[in-house]
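Let me begin by presenting the structure, written as structure tokens, before commenting on it.
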Amino acid sequence: MTYADLQAALEQLCPVTRTLAVPRGALRYVALSRYGADTLKGDDTSLAAFGRVQLDVCTQDPADPLPRRVAALLTACCLPWDVDAETWDDELAMHRTIILTEVMDW
């Protein structure tokens, strides 16, 4: 799955899915941001690069199923994922779940 494919799939799940900038006043959203790459190395070269992506899933209610739905989407798309943090963000005044994943393009 490419970064564009991931963004399109997330937009189907949560219409307020954006890269970096989210509309002011949004109460439930997913923000995507790239932050580097992992590589698969051969004997003397890198064979493939996998772009790292951070998903910030923000909701007003800690019981909102959106973070679990995002994780289920990633699993269904055969993407590796890890929950990096689940916190209340005072600055955003929202429950924030940070999910890390990788995509095929970099």
Side-chain angles (χ1 to χ4, degrees):
M1 175 172 266
T2 66
Y3 184 81
D5 294 337
L6 175 60
Q7 183 174 0
L10 288 168
E11 286 172 351
Q12 293 295 315
L13 188 65
C14 179
V16 185
T17 296
R18 302 289 189 273
T19 56
L20 302 176
V22 175
R24 188 175 300 271
L27 300 177
R28 184 177 193 255
Y29 63 86
V30 178
L32 295 87
S33 57
R34 294 178 185 248
Y35 70 97
D38 278 333
T39 57
L40 177 63
K41 296 178 177 62
D43 288 338
D44 60 354
T45 188
S46 292
L47 301 174
F50 303 92
R52 294 182 189 151
V53 180
Q54 177 174 316
L55 306 174
D56 290 87
V57 184
C58 296
T59 62
Q60 286 291 302
D61 181 3
D64 190 310
L66 184 59
R68 291 185 301 285
R69 289 181 180 161
V70 169
L73 172 73
L74 296 174
T75 299
C77 293
C78 299
L79 292 176
W81 60 272
D82 187 35
V83 175
D84 187 55
E86 288 185 279
T87 62
W88 177 259
D89 189 312
D90 287 329
E91 187 175 319
L92 297 173
M94 299 184 89
H95 182 74
R96 180 179 178 201
T97 303
I98 299 171
I99 301 175
L100 306 177
T101 190
E102 295 179 344
V103 294
M104 293 300 295
D105 61 336
W106 172 62

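Computed from a predicted structure; not experimentally measured. Values below: every heavy atom of this structure, side chains too, minus hydrogens, waters and symmetry copies.
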Can you list every side chain to side chain donor-acceptor pair (under 3.5 Å) pair that touches residues 60-79, not counting sequence neighbours?
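Listed by first then second residue: Arg28-Asp64, Thr75-Trp81.
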
Heavy-atom check, side chain of Leu47 versus side chain of Lys41, under 4.5 Å
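No - every pair of side-chain heavy atoms lies 4.5 Å or more apart.
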
What I'd like to find out is whether the side chain of Gln7 reaches to under 4.5 Å of the side chain of Thr19, using heavy atoms alone.
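Heavy-atom side-chain distance check passes, below 4.5 Å.
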
Check which hydrophobic residues are tied to Val16 through side-chain heavy-atom contacts below 4.5 Å, counting indirect links as well, and list them.
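Hydrophobic cluster check, Val16: joined to Val22, Tyr29, Leu92, Met94.
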
My understanding is that a hydrophobic cluster links ILVMFWY residues whose side chain heavy atoms are under 4.5 Å apart, including indirect links. Using that, what else belongs to the cluster containing Tyr35?
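Once heavy-atom contacts under 4.5 Å are chained together, Tyr35 belongs with Ile98, Leu100.
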
How long is the straight-line distance from CG of Leu10 back to CG of Leu55, given to the nearest 0.5 Å?
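Output value for this atom pair is 6.0 Å.
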
Separation between CG of Leu6 and CD of Glu11, rounded to the nearest 0.5 Å
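If we round to the nearest 0.5 Å, Leu6:CG and Glu11:CD are 10.0 Å apart.
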
For a side-chain contact (heavy atoms from CB on, under 4.5 Å) check, start with the C-alpha distance between Glu86 and His95, then their side-chain angles and the critical distance, and finish with the verdict.
CA-CA 7 Å; Glu86 288 185 279; His95 182 74; 4.3 Å; yes

Is [Y] reachable from [X] through a run of hydrophobic residues whose side-chain heavy atoms are each under 4.5 Å from the next?
{"X": "Met104", "Y": "Leu32", "value": "no"}
{"X": "Leu73", "Y": "Phe50", "value": "no"}
{"X": "Val57", "Y": "Leu27", "value": "no"}

Is the side chain of [X] donor-acceptor paired with the backbone N or O of [Y] at a distance under 3.5 Å, no angle test?
{"X": "Thr101", "Y": "Pro80", "result": "yes"}
{"X": "Asp84", "Y": "Ile99", "result": "no"}
{"X": "Thr17", "Y": "Cys14", "result": "yes"}

So, Arg18 and Asp56, do they make that salt bridge, N to O below 4.0 Å?
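No, Arg18 and Asp56 are not salt-bridged.
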
How far apart are the closest heavy atoms of Cys58 and Arg96, and which atoms are they?
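Minimum heavy-atom separation between Cys58 and Arg96: SG-CG, 3.9 Å.
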
